[in-house]
Amino acid sequence: MVAIIDYDAGNIKSVEKAIQFLGEEAVMTRDENVIMNADRVILPGVGAFGDAMENIRKYDLERVIKAYVETGKPFLGICLGLQLLFKESEESVGIKGLDLIPGAIVKIPDGEGLKIPQIGWNSITVNPESRLFKGINDGSYVYFVHSFYLKCENESDVAAKTYYGTEIHAAVERGNLFACQFHPEKSGEVGLKILKNFINL
């Protein structure tokens, strides 16, 4: 069973539908027992970093998320869910994130012809060692919606990169922690393959 953490962030339903499409049971929940007993957990979401962390703390989910990660079972952050795994974000200065992976969330720099937020398809360069991207070709296109991006502290944690005015760390893997800045649930066959890889870990 895949638990999808419900902390009042947007875009959670589409992740549930994608997991169900792959033939897996998906439960949207903030119940500690359900989360801790799940085989896999996903932290999705769109919205502001500060508001999201406020909700996570309001529902006492920070403790639960960290306890789940400690079990060693696979955990996946999607979009805002990726950003929350880090210590801080330029979007919400002074708000502490979950601080589970070393790195920082910074604003996409302004550039000629660049629209911010980045909304749309972009190609990724895949780390051949990545488990999440097993069978995914270099140059595959995935769907992004974001104004802030990840600069991972350790290159060894980067599972995929993209370029949008600057190099963006589009996905990370660190132990049993996995995360994508893009939306696999909105990225067609490639995205479904990534989610299937996560389920099969």
Residue [X] excluded, over 12 heavy atoms near [atom1] under 6.0 Å:
| X | atom1 | result |
| --- | --- | --- |
| Lys134 | NZ | no |
| Lys17 | NZ | no |
| Lys107 | NZ | yes |
| Glu62 | CD | yes |
| Asp60 | CG | yes |

Tyr59 side chain to Asp6 side chain, donor-acceptor N/O pair below 3.5 angstrom: no
Is it the case that the side chain of [X] and the backbone of [Y] share a donor-acceptor pair, with hydrogens and angles ignored and the cut-off at 3.5 Å?
| X | Y | answer |
| --- | --- | --- |
| Ser123 | Ser140 | no |
| His183 | Glu185 | no |
| Asp157 | Arg174 | no |
| Tyr68 | Ala38 | yes |
| Gln118 | Tyr164 | no |
| Asp31 | Asn33 | yes |
| Lys96 | Met53 | no |

Of the non-hydrogen atoms in [X] and [Y], which two are nearest, and what is the gap between them?
| X | Y | result |
| --- | --- | --- |
| Val158 | Asn127 | O-ND2, 3.1 Å |
| Phe182 | Ala171 | CE2-CB, 4.4 Å |
| Leu76 | Leu195 | CD2-CD2, 3.9 Å |
| Ile4 | Pro44 | CG2-CG, 3.6 Å |
| Gly97 | Arg57 | O-NH2, 3.6 Å |
| Phe21 | Leu192 | CE2-CD1, 3.7 Å |

[X] and [Y]: same hydrophobic cluster, using ILVMFWY side-chain contacts below 4.5 Å?
| X | Y | value |
| --- | --- | --- |
| Leu85 | Phe133 | no |
| Leu114 | Ile168 | yes |
| Ile35 | Val27 | no |
| Leu201 | Val69 | no |
| Leu98 | Phe49 | yes |

Let me see the working for Ile5 and Val64 under side-chain contact (heavy atoms from CB on, under 4.5 Å), right down to the final yes or no. CA-CA 10 Å; Ile5 295 178; Val64 177; over 6 Å; no
Apply side-chain contact (heavy atoms from CB on, under 4.5 Å) to the pair Glu129 and Glu173, showing each step before the final yes or no. CA-CA 10 Å; Glu129 303 294 313; Glu173 289 183 22; over 6 Å; no
Take Cys180 and Val142 through the test side-chain contact (heavy atoms from CB on, under 4.5 Å) and record every step on the way to the result. CA-CA 10 Å; Cys180 303; Val142 291; over 6 Å; no
Give me each pair satisfying ring pair (Phe, Tyr, Trp, His ring centres under 6.0 Å) with a member in residues 72-124, each pair once, sequence neighbours excluded. Trp121-Tyr143
Between Lys66 and Glu70, does the salt bridge (Lys or Arg N to Asp or Glu O under 4.0 Å) criterion hold? Intermediate values first, please. CA-CA 6 Å; Lys66 289 180 174 178; Glu70 286 279 307; over 6 Å; no
Drop me the distance from [X]'s [atom1] to [Y]'s [atom2], to the nearest 0.5 angstrom.
| X | Y | atom1 | atom2 | result |
| --- | --- | --- | --- | --- |
| Leu43 | Leu84 | CG | CG | 5.5 Å |
| Ile19 | Met28 | CD1 | CE | 12.5 Å |
| Phe144 | Thr162 | CZ | OG1 | 4.5 Å |
| Leu150 | Leu82 | CG | CG | 5.5 Å |
| Ile116 | Phe148 | CD1 | CZ | 9.0 Å |
| Ile108 | His146 | CD1 | NE2 | 4.0 Å |

Residues that Glu155 engages under side chain to side chain contact (heavy atoms under 4.5 Å, CB included), provided they are two or more places apart: Lys161, His169
Audit row: Asp8, Arg30, side-chain contact (heavy atoms from CB on, under 4.5 Å) steps and yes/no: CA-CA 10 Å; Asp8 296 339; Arg30 60 179 74 112; 3.0 Å; yes
For residues 75-92, pull every pair meeting side-chain hydrogen bond (donor to acceptor under 3.5 Å, both in side chains), keeping only residues two or more places apart or in separate chains. Gln83-Gln181
With a 4.5 Å cut-off on side-chain heavy atoms, are Val34 and Met1 touching? yes
Under 4.5 Å between any side-chain heavy atoms of Leu177 and Val172, yes or no? no
